[in-house]
Amino acid sequence: MARHSPVTGRYVTIDVDGMEYKVFYLQNGKGQPLICQHTAGCHNHQWRGLLEDEEITKNYSVIAYDLPRHGKSDPPLNTKWWESEYKLTADHYVNFIVKLCDALELRDPIFMGSSFGGNVALQLALRHPERFKAVIPVEAGDYAPGFYLDWWRHPMANAAQVCASGVWDLMAPQSPDKDRWLTWFYYTQGSEAFKGDLYFYSVDHDLREELGRIDGRKCPVIMMTGTYDYLTTPEMTENTARQIKGGVYIEMEDIGHFPMSENYPVFKIYLKEALRIIRERKG
Amino acid sequence: MTTDIKSWAIKFKNLSDSDKTMAAMAKYYTCTYMWDMGEKKLIIEMHDGKVKHINTDPAPLDAYDFALRASAQTWREFGRPMPRPMFHGIWAASFREDLKLEGNILVLMQHLRNFTVQFELLRKCGVPV
């Protein structure tokens, strides 16, 4: 008997800012849509634990997509993308996510993303609070400078290994070897997109003067950060959440910057609490 | 103290040369680097994935490709079996603590996968400061 996973994969084609994208996504579960964004330079396998978690998927439709240029989502099909340097902007990233949610006809989805996915969750809460039931920015902050580096694609170094080992100690030493090495493995696959993603993460994303405009009472913002995250530290996230009306900060003990991928059982403890708060506030 | 650092060097070399993760991918791991621990300095010479030599008493003009410099206290944190947050790697400690990465960083990047694995062996053998 074949040991099939309940998770299924599909492609959907959408147009965003004149770009035609054929987007790959994984889905499992029924109920409240929970749409998940992977971290920069990575792909949707980071959400493998959540996607197969029966306790969550019995009440939530979990969707984890690959952002264009990552995993199985190709670069735009209708442009000569190889003739310009990839630099992800906040505008385009936000427009992409809204268009994808529209195409999938998601009603009141909860958006969750980690790292650059967490930062864009804040952008969504600012720009489209009516489109999302709530957002869960994981390992996020109002501003995260310092990671837009040339080393990610330096021609004299092995870019796959630089990206994968360069993010190694974003993970906590307590996280299981198996899951840390899987996350390392995913990171060997995304080096061409990593630096362009980090243009958004470290340069274009800057909400230091905008947090007061986010209303967490309309669109709850539940921020969660691991104690071993050196990029967006617990202090940085807490400081961000404090400036958002109704913002919530949850500190995750003994975990790092890729919590859903490096140690799902620990991450799940905190995710359940975030979902509980959202149910309490929004039903 | 000299004996202590030499005993540490033997222990570190044995750990590194017998590490399975290193053996799996370190065939071209050839470079020389300094670990500056404040109270003590070391120069480790790697050749084809093996520790060729550990200079436990570097002279001023002894050469290396790149250096990691931090206080002895930071190195002691690196050497804990389960390091505290921000002392759990060279990126974390260079972003948030007093670790400085100096010299030819390109060489470090070229060997980052193997260097990272090797650096974490300090959790097994501790540090000589």
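A, B, ... follow the sequence lines: proteins, then strands. Residue 1 opens every chain. Side chains included, hydrogens not; waters and symmetry mates left out as well; all remaining heavy atoms used.
For B:Gly89 against A:Asp169, the heavy-atom pair with the smallest separation is CA-OD2, 3.3 Å. Smallest separation of non-hydrogen atoms from B:Leu112 and A:Val162: CD2-O, 3.7 Å. Smallest separation of non-hydrogen atoms from B:Arg123 and A:Pro173: NH1-CB, 3.5 Å.
Of all residues in residues 175-201 of chain A, those placing a non-hydrogen atom less than 4.5 angstrom from a non-hydrogen atom of chain B are A:Arg180, A:Trp181, A:Trp184. The contact list for residues 227-236 of chain A toward chain B, using heavy atoms and a distance under 4.5 Å, reads A:Thr227, A:Tyr228, A:Asp229, A:Tyr230, A:Leu231, A:Thr233, A:Met236 by residue number.
Within the 4.5 angstrom heavy-atom criterion, only side-chain atoms of B:Arg96, from C-beta onward, approach chain A. Heavy atoms closer than 4.5 Å to chain A are found nowhere in B:Leu108, neither backbone nor side chain. The part of B:Thr21 that comes within reach of chain A is its side chain, from C-beta onward, which places non-hydrogen atoms under 4.5 angstrom from that chain. Interface remark: B:Val117 contributes side-chain atoms only to the contact with chain A (heavy atom separation under 4.5 Å).
With a 6.0 Å radius and a threshold of 12 heavy atoms from other residues, nucleotides or ligands, B:Asp48 has its CG atom above the threshold. Within a 6.0 Å radius of CE in B:Met82, more than 12 heavy atoms belonging to other residues, nucleotides or ligands are found. Other residues, nucleotides and ligands contribute only 12 or fewer heavy atoms inside 6.0 Å of the NZ atom of B:Lys11. Atom NZ of A:Lys72 has 12 or fewer heavy atoms from other residues, nucleotides or ligands within 6.0 Å.
Note that CD of B:Gln110 and NE2 of A:His154 are 8.0 Å apart. Values are rounded to the nearest 0.5 Å. Annotation: the span from A:Trp168 atom CH2 to B:His88 atom NE2 amounts to 11.5 Å, rounded to 0.5 Å. One distance of note links OG of A:Ser165 with CH2 of B:Trp91; it measures 9.5 Å at 0.5 Å rounding. If you take CE on B:Met109 and CD on A:Gln161, they are separated by 13.0 Å, rounding to the nearest 0.5 Å.
In this structure, A:Trp151 and B:Leu106 have side chains that are in contact, with non-hydrogen atoms separated by less than 4.5 Å.
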